[in-house]
Every structure is written in C-alpha cells, then in structure tokens.
Protein chains: 2
Amino acid sequence: MRNRFPSSRPAGQRATISDVAAAAGVSKATVSKFLGGNKNYYIASETRERIAKAIEDLQFAPNAIAQGLSNRRTDTIGVIVASITNPFYPELIAGVEEALGGSEYTLLLGSTDEQPAKEAALVRSMLQRRVDGLIMAAVTMDDAEVSRLVDTDVDVVLASRGLDTTLADTVVIDNLTGARQAVEHLLGHGHRRIAHLAGPADVVPFRYRIEGYREAMADAGLDGDERLVASGNPAEAMTALLTLPDPPTAVFVANDRMAIEVLEFCAGRGIEVPQELAVVGFDNVWVGRLSGVGLTSVDSKARAVGRKAAEVLAGRIRARHADTVQLPAPPERTVLQPELVIRRSCGCVAGEKDDDAPDRSFF
Amino acid sequence: MRNRFPSSRPAGQRATISDVAAAAGVSKATVSKFLGGNKNYYIASETRERIAKAIEDLQFAPNAIAQGLSNRRTDTIGVIVASITNPFYPELIAGVEEALGGSEYTLLLGSTDEQPAKEAALVRSMLQRRVDGLIMAAVTMDDAEVSRLVDTDVDVVLASRGLDTTLADTVVIDNLTGARQAVEHLLGHGHRRIAHLAGPADVVPFRYRIEGYREAMADAGLDGDERLVASGNPAEAMTALLTLPDPPTAVFVANDRMAIEVLEFCAGRGIEVPQELAVVGFDNVWVGRLSGVGLTSVDSKARAVGRKAAEVLAGRIRARHADTVQLPAPPERTVLQPELVIRRSCGCVAGEKDDDAPDRSFF
DNA sequence: CTGAAAGCGCTAACAA
DNA sequence: TTGTTAGCGCTTTCAG
C-alpha cells in the first residue's frame, strides 16, 4: 500500500496547509486563497495547478477546527431533542437534514431524555463547541433561560416544543386547534364522556393540547368534570379513568407514545377499541399507520417542522455572516397547521378516510 | 436584566481566557492551569479564588474549538448511521449515549440514507472536524476504503454493519446464527417451503443472513430452490413469491423494516398471518412488540451494540492519549449473540413465549 | 507558585 | 498575482 503521506510527517498525521504550501512552492496564504474558492481571489492558473497537485499528493483536507477558530464559525449546527427513540424526533431530525441537504452543515446531536439537567448540559456543551446555530426540540427552560440563550452569539430556533416566547425564532404547530379537532371528531362520533390523557404540564405544547380539549368540551357544553383529565403513567391513568362511576367512552391522548400504550393497555385488558373505548392520539407517528394499530391521530408534522426550523436557522446564520451589518430581524414565529388523520381507533370504519399513500414505505 | 458581560467586549461576545486573566490579575497560563483541573498544577488557593470569581463574573466558558486546536482532541465522536428513521438506529444511538454517559463526549451525527456517496461525504466531513473517534453503523465501504480510514489518526469502530475485516474494531451480532435460529424455528413449525426476503447484498450482515438461511435449509435437506430467495421491494417480492407454482408457506425477512411491509402487504391482500404465511423478521425493533403487530423476530441487540461500540472506542481513545506510548493493540472483534423473540407471526400461540417486560414503555 | 512565549492550523488584511 | 504578518483562544514547556 503506497504511503499516502509523502511529506515528512509521521504516518497517521494529516498534512497541513504548510505542507501543501511547501510542496507547491507557494505560501500558506496562497493555498488558503485557493481553498477559499468562493471569494474571487486572483491566482495564476499555473500556481493553481501546482497547489491542486500538492493537495492531491498529500491527501490534504483542511482542519475544520482550525478553520473554525479563525473564521469564528464551525458550519455545525446543534440539534437537541427530547428523546431520540421516540419516532417523532428522528422524523424531525430527518427534516432538518433534508433542509440542510446540500449545505456544508453537520449536525451535533443531543437527546435530553426529558431531563432538564441534561438539557442544560447539552446546551452548554454545544455553545462551548461554538455551533453556528441551535435547534431546540426539547425545551423545559423558562423564558429567562431562553432569553439568556438568545443573548449569546448563536442563533437559536425553538422547534415543536417552542415556548410562548417571542424572544426566539419558533416553529410550532397549532396545538390548540389540533386538540380541538381531535375532540370534535370524537364528539362527532357521539361520545359525551371524553377523557384526556395529558402530558407533563411543563411542556408547552401539552398545555395547549389540554386547553384545546377543554375548549372543545366546553363548546359542547360538556365541561366541568376534571376527573376526566388524567396524566402520568398511561396504564395507571387509564385504570383510574375506567373505574370512574361514569367512565369515559373515548380518550384523547396527548401524544402517540402514550396513545400506543393505551392501545396496549386495552389489548391486555380485553377492552375493545373503538367499540368500548375510542382513542385518538397526537403526532401521527408512522407506527399508527400499521394495519394492526390503526391509530387515529393528529399529525404534528415533525418532518415539516424540522425542515422549516432548519430553513429559518440557516437564514439567520446567513444574515449574521452577511457583510452588510444590520439589526437582526425580530424573532419569527411559524405556526404550521396540524391535520387529523383518521383511522380505526376513533370509531371510523377502516379505510374510510385513510388517505396515506399505500405504497410509501414506513421508515 | 443585568449585563452578563461586564468586560469591555460587545454584548453577545463571549469572554475569553484573556478577559478572565485580566479580571483576576493573573496570566492566561495560570487561568489555563486552573481550568485544566485534573493535572496537579500548584496554584495558590488565593489566586484560585480570584480566578473562580472572575470566571463567574464573566460567565466564562472555554472555547472548545480553541481547546481542540491546541489539544488535538475535540471530545467529540462521530456516529454515522444508515437511516435515522429506522428505529434500529435511534436505539443504537441511545446505547452509545448511554455508554458515553458521564463523559464529556458529544455526538456528531450523520445519516447516510443508505447512499454510499453520502456515507463518504459524512466520513470526510467528520474527519475534517477532527472527531476523536468514529462509530460507523453504516458501512458500504470495501476493505480498501476501511483500511484507508483506519490509517488516519482517528479511531474507528464498525458497529452492526461491520465488514469481515480485521482491520478495525468491530462490534456485531452473529448474523449467521440468528438467521439459522429463525429458519430452524420455522422448520420446527413444520414449514418446508420457506422463502427468504433478502436485503441489499452490498451490506455484509445481510449476506450472513442469507447464508444462515441457506445453511438451515440445507441441513433440513431443503436447499436448492433459488426462487425462494427474493429481494428488493417487499410487496413486489412477495407477489412474485406467492405466485410461484409451489409458493412458500413461511418467509424469513432480512430485517424488520421489510418484515413490517410484508405484514402490511398481507393485511392488504387478506392473507392471514401466520395461518397462510408465517413471518419472521430480524432486528426486533420495538414496533414488533405491539399487540397489533406481534412480529416474531431475531433481536439484533441494537442498544447493546451501540453501548459496546462506544466502550471499545472510548478505550481506544484513552489508549491513544495515554502518556505511555505503545503500539496500538490489534483490532478487537466483539460478536454479540442475537436472540429469537417469539410472538404471533411465526405461528406460535400469542403470549406463549413472549417474555417482554410487559410494563416497559415502548419508546 | 506564576508568567512569557511559542505553537496548534488556518484566514485576512496589507504590502510588495 | 503572491507573500508577510498578525491573530482566532487555548495549552504547554521552560524560566523565573
């Protein structure tokens, strides 16, 4: 195997710009200009060739760390999600990657496992690593913390879990409307006792989903029974709900993760879904599409949210690095519309309205 | 809100070690020693306090990029997976994070979408970013490419997709045995016409799964019918298989992603699983556990593989950075044993042997 | 115990 | 068109 490092440095050590300069008989500056590509530096085509050859010979690739230090930008963006194993987030990440497609950005990833301490540590770590921007798809921080974050020199966009804040760019879906749609659909099926299995109240979207539930119930003149709002471990919550004197005939669950557990709970107890209990989830994770699952759910557009978040962030970064110095534009808030996807678990006839592309593969 | 940057630099600019040094009335070198923590530098406790105060006042956090340049290590490890939306990989990533738990490592993530070109680009990008190590859970490279990669100064471990190579540390499961178990189980159910839906042949594990299938069939004196080995789009492949003159009564599918599509295909065609067609998958992705799915599958231990890969890698990095210079140990190959997890789709009675912890949440 | 100085690999004025 | 020089922010000898 021929030695790929003909320079004087020991094997396994990568060539530097100085090696290239020496090999090409030019200065580092010239090589650097050659690398810069974009800026219209003038450099003799003959020199250009010599440099290209040296680079090729030495298998040189610029050290991005050194470039980062000098350029004050790393072409890296951080993505912090709540739970990498919840299929909602890989989908969101895929959206981010999609949007960043051709660009030179690389993703620094972190999963908080829903732990605020881990979230804080990840933010710190990414800031120290000088990411150019940060997409937060896990936010348990309060406004003060967000504002401190926004005060730094990295651009931040809050995705999906976004707070109410107007401090930072935000990409969310309309959780309130989504929740209303779900509950209204259940009302349309004739249900009157509709429960809500809520998510942790320290996560903003869950608060809106509760509110949407309450509004829809109130509009139907069915509000007031707080016993119908449960939370915590799905199995336990369902047990409590179903042993109520006047148990619910339907439940709107705050996300699909929990909704699937409700389905499993019912399967385990021999409770027929949707006959004995109708179930509607939230997120429309791909699993719900499986014919053996058939979960009706509000699509929270994970991929689109990720894509949009990345676009907004890229725009910010571009603006920041633009030559023309100007005040940053005020935070931008994008609200995507969710969409109720109807399947079996709500009581609709199978296939009635399920318009999923049947040939699309699952993952 | 009080200004968090009392130094002279403009808001939004982070304090540097020089700012701290100035504020504490010491030199950068001393501050750096203070930061180093571990090495037993002697520094007066009074100075120590002044520095600590300055750091606190200035909200100083060292620039990891600059540290990286100086230290020649970034405390970052790259993870390249084949497809972030295939639940197998988030699980593997979770294993990596688990193992890296307390340490200061951060993950640089990339998903290749099974495209060799993207894989190459990601490797390049991560190398340029000077990751300390690389976990490749997507390898379509050949030995030559791997060897070139191993020749660099980053430690590489091949996880799950590992080649046959002995050039790099590898953590895999015993795919051949796993496949044999699957097929033997089907044989035990009395099946004689067992098909195999194979994965892309350029991915090593899939080749072993085919081989395991062939061996098991041969051992049962059932080899020879190559028409039973299909590949490509699951729906099309199944259609072809089922229109054979002597169609299979069971199919061993190379991974759960495809197995699930087979299940959907059957549901769509009204083909009863397992009565008309028994199905066994590979990976034991959590989805298969759902009561509405019940997919019998060979567990490929994604989490354990991720964990082990991270441990091996961390060990390598530690060794490389150790003061005592020594020849690197030869590549280490870890082979984890897969495990057949039995559910409905193979023909076993539901619940018969499904020993999943029933209360474990899904994701 | 502390500091001066050199250097990690690259970029960006500014000269030449 | 090319080279010189001075950093980017931190670490690490090596002298005090």
Side-chain angles (χ1 to χ4, degrees), chain A residues 7 9-10 13-51 54-55 58-75 104 127-130 132 153 321 323, chain B residues 7 9 13-51 54-55 58 60-75 104 127-130 132 153 321 323:
Chain A
S7 82
R9 48 183 65 239
Q13 289 266 333
R14 282 166 323 211
T16 74
I17 199 176
S18 300
D19 298 325
V20 175
V26 298
S27 74
K28 292 185 337 181
T30 306
V31 178
S32 178
K33 282 163 194 156
F34 175 93
L35 294 174
N38 45 337
K39 298 120 187 158
N40 45 358
Y41 279 124
Y42 294 98
I43 144 172
S45 70
E46 185 235 344
T47 335
R48 200 179 283 282
E49 281 169 20
R50 288 213 315 283
I51 297 178
I55 288 179
L58 297 170
Q59 295 274 0
F60 168 79
N63 179 329
I65 295 298
Q67 289 183 308
L69 184 57
S70 187
N71 289 335
R72 301 158 148 287
R73 63 176 297 178
T74 53
D75 287 335
E104 279 309 304
L127 255 32
Q128 289 195 212
R129 284 176 164 77
R130 291 301 188 270
D132 292 341
D153 54 357
H321 290 291
D323 321 311
Chain B
S7 79
R9 48 184 65 237
Q13 289 268 334
R14 284 172 309 214
T16 73
I17 199 174
S18 300
D19 298 326
V20 174
V26 299
S27 73
K28 294 187 333 183
T30 307
V31 178
S32 177
K33 283 164 192 156
F34 175 93
L35 293 174
N38 44 336
K39 297 111 181 165
N40 44 359
Y41 278 124
Y42 293 100
I43 143 171
S45 71
E46 185 234 344
T47 329
R48 200 178 283 280
E49 279 168 22
R50 289 214 314 284
I51 296 178
I55 288 178
L58 297 171
F60 168 79
N63 179 329
I65 295 299
Q67 289 183 307
L69 184 57
S70 188
N71 288 335
R72 300 156 147 289
R73 63 177 298 179
T74 53
D75 286 335
E104 280 308 306
L127 254 32
Q128 290 195 215
R129 277 160 223 261
R130 292 300 186 270
D132 292 341
D153 55 355
H321 289 292
D323 320 310

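Proteins get letters first, then strands, A, B, ... in listed order; numbering begins at 1 in each.
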Asks: Measure the distance from CZ on B/R50 to C1' on C/dC1 and round it to the nearest whole Å.
Replies: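 Going from B/R50 (CZ) to C/dC1 (C1'), I get 12 Å.
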
Asks: Report the residues that fulfil salt bridge (Lys or Arg N to Asp or Glu O under 4.0 Å) with B/R129, sequence neighbours left out, ordered by chain and then residue number.
Replies: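 Not a single residue meets the salt bridge (Lys or Arg N to Asp or Glu O under 4.0 Å) criterion with B/R129.
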
Asks: In this structure, how many angstroms lie between the C1' atom of C/dC10 and the CZ atom of B/R130, rounded?
Replies: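 Value for this atom pair: 11 Å.
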
Asks: Please check: side-chain N/O of B/R72 versus main-chain N/O of B/L69, any donor-acceptor pairing under 3.5 Å?
Replies: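 Answer holds: no.
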
Asks: Counting only side-chain nitrogens and oxygens, does A/Q67 get under 4.0 Å of the OP1 or OP2 atom of C/dT11?
Replies: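 Looking at the OP1 and OP2 atoms of C/dT11, one of them is under 4.0 Å from a side-chain N or O of A/Q67.
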
Asks: Looking only at side-chain atoms of B/S32, point me to the closest of C/dT11, D/dG9, D/dT12.
Replies: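 Taking heavy atoms from C-beta onward, the closest nucleotide is D/dT12.
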
Asks: Without decimals, in angstroms, what is the distance between A/L58 CG and C/dC10 P?
Replies: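 Going from A/L58 (CG) to C/dC10 (P), I get 12 Å.
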
Asks: Rounded to the nearest angstrom, tell me the gap between atom CG in B/D153 and atom P in C/dC8.
Replies: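 To the nearest whole Å, that distance equals 15 Å.
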
Asks: Which heavy atom in A/S18 sits nearest to a heavy atom in A/K28, and how many Å separate them?
Replies: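 In this case the closest contact between A/S18 and A/K28 is OG-CD, 3.2 Å.
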
Asks: What is the distance, rounded to the nearest whole Å, between atom CD1 of A/I65 and atom C1' of C/dG7?
Replies: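 Checked: the CD1 to C1' distance equals 17 Å.
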
Asks: Sequence neighbours left out, what passes side-chain hydrogen bond (donor to acceptor under 3.5 Å, both in side chains) with A/R48? Give chain and number order.
Replies: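 Per chain and number, A/R48 pairs via side-chain hydrogen bond (donor to acceptor under 3.5 Å, both in side chains) with no residue.
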
Asks: With distance as the sole criterion, do the side chain of A/S70 and the base of D/dG7 form a donor-acceptor contact below 3.5 Å?
Replies: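 Such a pair exists between side chain and base.
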
Asks: Return the value, rounded to whole Å, for the distance between atom CG of B/N71 and atom P of C/dC8.
Replies: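 After rounding, the gap between these two atoms is 13 Å.
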
Asks: Rounded to the nearest 0.5 Å, how far does CG of A/D132 lie from CZ of A/R130?
Replies: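 These two atoms lie 11.0 Å from each other.
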
Asks: Indicate yes or no: at least one non-hydrogen side-chain atom of B/T16 is less than 4.5 angstrom from one of B/N63.
Replies: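 Sidechains of B/N63 and B/T16: no contact.
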
Asks: Atom pairs, N/O to N/O, protein against nucleotides 1-5 of chain D, distance under 3.5 Å?
Replies:
| from | atom 1 | to | atom 2 | distance (Å) |
| --- | --- | --- | --- | --- |
| D/dT1 | O3' | A/A44 | N | 3.4 |
| D/dT2 | OP1 | A/T47 | OG1 | 2.3 |
| D/dT2 | OP2 | A/A44 | N | 2.8 |
| D/dT2 | OP2 | A/T47 | OG1 | 3.4 |
| D/dG3 | OP2 | A/S27 | N | 2.9 |
| D/dG3 | OP2 | A/S27 | OG | 3.4 |
| D/dG3 | OP2 | A/T30 | OG1 | 2.9 |
| D/dG3 | N7 | A/K33 | NZ | 3.4 |
| D/dG3 | O6 | A/K33 | NZ | 2.7 |

Asks: Atom CG of B/D19 and atom C1' of D/dC10: how far apart are they, to the nearest Å?
Replies: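 Nearest whole value for this atom pair: 13 Å.
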
Asks: Would you mind reading off the distance between A/R72 atom CZ and D/dC8 atom P, rounded to a whole angstrom?
Replies: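 Checked: the CZ to P distance equals 7 Å.
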
Asks: Can you see which heavy atom on B/F60 is nearest to which on B/I17, and at what distance?
Replies: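 That would be CE1-N, 3.4 Å.
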
